[in-house]
Amino acid sequence: MKDLFDLTGRIALVTGASRGIGESIARLLASRGAHVIVSSRKIDACQAVADSIVADGGKASAFACHVGEMAQIDAIFAHIKSEFGQIDILVNNAAANPYYGHILDTDQAAFDKTVEVNIRGYFFMSTAAGKMMREQGGGVILNTASVNGIVAGDKQGIYSITKAAVISMTKAFAKECGPLNIRVNALLPGLTDTKFASALTGNDKVLNMALRAIPLGRVADPDEMAGTVLYLVSEASSYTTGACVIVDGGMLA
């Protein structure tokens, strides 16, 4: 029987892959045969992950890209086109959440940074990858959104708003790109033990309140998000597009 999770020969770009959920995704996709381009803002951190993947027998390379900067988006896709000639999988995972506090006190700098990375960055990463996928006959885009895109997180207003936009973006791209054999889906993580979520997981009062709302009674490990991504970018989900899969320990149940 065909291995539906085999990614041999696929070129996968994972943003925000130097740590946390992105790193777990990069490692799992590489373990299934993909050549993973590990990307985040800092090349040294990306290279460390890529080197570790290679040491474990996988295929990986590193390329720095701040998805909030349009010139850097152009640069990474020029590199991919020159180096590999194709892109089969794009995982938009990089995100910004610089402000934790009351929504009325959100300053413009925090607003702009969050929107530039979480909305504009995802949009133009997707259009750049999508154009290459259109030329080659298909591909898969996976967006990391959040359960906050469905139920806004307290003191996480602008972040929640941008993640709601990612959910809508996923559906819009899926609708228009389906005829091009480009599938577009989203992962909606719940509370996960990452540096990114440390404002929540590092505050005992906030953490205990959150845990009471999670039926599984614990915070997720980043590796527990990667399996859903593997499903959504592999042939196992060949008839799935526009899906927004919640992985939150039952919180929204």
Side-chain angles (χ1 to χ4, degrees), residues 1-17 21-22 24-39 53 58-61 63 65 67 70 72-94 119-145 165-188 225-245 247:
M1 182 177 178
K2 181 182 179 182
D3 181 356
L4 296 176
F5 296 99
D6 182 14
L7 301 178
T8 301
R10 309 281 178 86
I11 304 299
L13 168 61
V14 183
T15 69
I21 293 173
S24 290
I25 293 169
R27 291 184 181 280
L28 183 57
L29 300 190
S31 77
R32 300 304 300 164
H35 180 111
V36 177
I37 303 160
V38 178
S39 182
I53 289 172
K59 296 179 181 179
S61 54
F63 198 94
C65 179
V67 302
M70 295 297 293
Q72 294 194 34
I73 293 176
D74 292 340
I76 194 168
F77 281 98
H79 165 74
I80 291 169
K81 196 160 192 174
S82 172
E83 186 74 14
F84 303 101
Q86 68 187 74
I87 180 167
D88 304 291
I89 298 165
L90 167 65
V91 178
N92 280 316
N93 176 74
I119 300 179
R120 193 183 73 183
Y122 277 38
F123 184 91
F124 285 105
M125 289 289 289
S126 296
T127 57
K131 288 173 184 176
M132 287 184 66
M133 291 173 181
R134 178 172 60 187
E135 290 178 4
Q136 68 197 31
V140 184
I141 297 172
L142 185 287
N143 296 318
T144 301
V166 171
I167 292 170
S168 181
M169 187 189 308
T170 298
K171 296 177 180 180
F173 272 82
K175 181 167 284 189
E176 295 197 43
C177 295
L180 303 173
N181 195 34
I182 301 170
R183 298 190 296 107
V184 188
N185 295 293
L187 169 73
L188 278 59
M225 300 295 149
T228 299
V229 173
L230 174 59
Y231 165 71
L232 290 172
V233 303
S234 71
E235 289 302 309
S237 63
S238 59
Y239 196 61
T240 302
T241 194
C244 298
V245 181
V247 185

**OP:** Evaluate the criterion side-chain contact (heavy atoms from CB on, under 4.5 Å) for residue pair Met225 and Ile25; output intermediate values, then yes/no.
**Re:** CA-CA 8 Å; Met225 300 295 149; Ile25 293 169; 5.7 Å; no
Subject >> Main-chain N/O of Ala165 paired with Ser168 side-chain donor or acceptor, under 3.5 Å >> reply: no
Subject >> N-O pairing of Glu235 and Arg10 below 4.0 Å >> reply: yes
Subject >> 4.5 Å side-chain heavy-atom contact, Arg32 and Thr8 >> reply: no
Original post:
Does Asn185 use its side chain to pair, donor to acceptor, with the backbone of Gly242 at less than 3.5 Å?
Top reply: yes
Original post:
Backbone N or O of Ala94 within a donor-acceptor pair of the Thr15 side chain at under 3.5 Å?
Top reply: yes
**OP:** Check whether the side chains of Gln86 and Asp88 place a donor and an acceptor atom closer than 3.5 Å, and report yes or no.
**Re:** yes
Original post:
Aromatic rings Phe123 and Phe173: how do their planes relate, parallel, tilted or perpendicular, breaks at 30° and 60°?
Top reply: perpendicular
Subject >> Lys81 bridged to Glu135 by N-O distance under 4.0 Å >> reply: yes
**OP:** Starting from the C-alpha separation in whole Å, work towards a yes-or-no answer on side-chain contact (heavy atoms from CB on, under 4.5 Å) for Phe63 and Val38.
**Re:** CA-CA 6 Å; Phe63 198 94; Val38 178; over 6 Å; no
Original post:
So which heavy atom on Ala129 is nearest to which on Ile87, and how close?
Top reply: O-CG2, 4.1 Å
**OP:** Verify the neighbour count for atom CD of Gln136: are there more than 12 heavy atoms of other residues, nucleotides or ligands below 6.0 Å?
**Re:** yes
Subject >> Qualifying residue for side-chain contact (heavy atoms from CB on, under 4.5 Å) with Ile11, from Leu90, Ile89, Ile37 >> reply: Ile37
Subject >> Working for side-chain contact (heavy atoms from CB on, under 4.5 Å), residues Ile76 and Leu13 >> reply: CA-CA 10 Å; Ile76 194 168; Leu13 168 61; 3.7 Å; yes
**OP:** For the residue pair Val67 and Gln72, establish whether any side-chain heavy-atom pair is separated by less than 4.5 Å.
**Re:** no
**OP:** For the residue pair Ser126 and Asn92, confirm or rule out a side-chain donor-acceptor distance under 3.5 Å.
**Re:** yes
Original post:
Is the side chain of Ser237 donor-acceptor paired with the backbone N or O of Ser234 at a distance under 3.5 Å, no angle test?
Top reply: yes
Original post:
Looking at Leu232, Leu188, Val229, which hits side-chain contact (heavy atoms from CB on, under 4.5 Å) with Val245?
Top reply: Leu232
**OP:** Describe, in one word, how the ring planes of His35 and Phe84 are oriented to each other, choosing from parallel (under 30°), tilted (30 to 60°) and perpendicular (over 60°).
**Re:** tilted
Original post:
Judged by atom type as modelled, is there a donor-acceptor pair below 3.5 Å linking the side chain of Asn93 to the main-chain atoms of Val14?
Top reply: no
Subject >> Polar side chain donor-acceptor pair, Thr240 to Arg183, under 3.5 angstrom >> reply: no
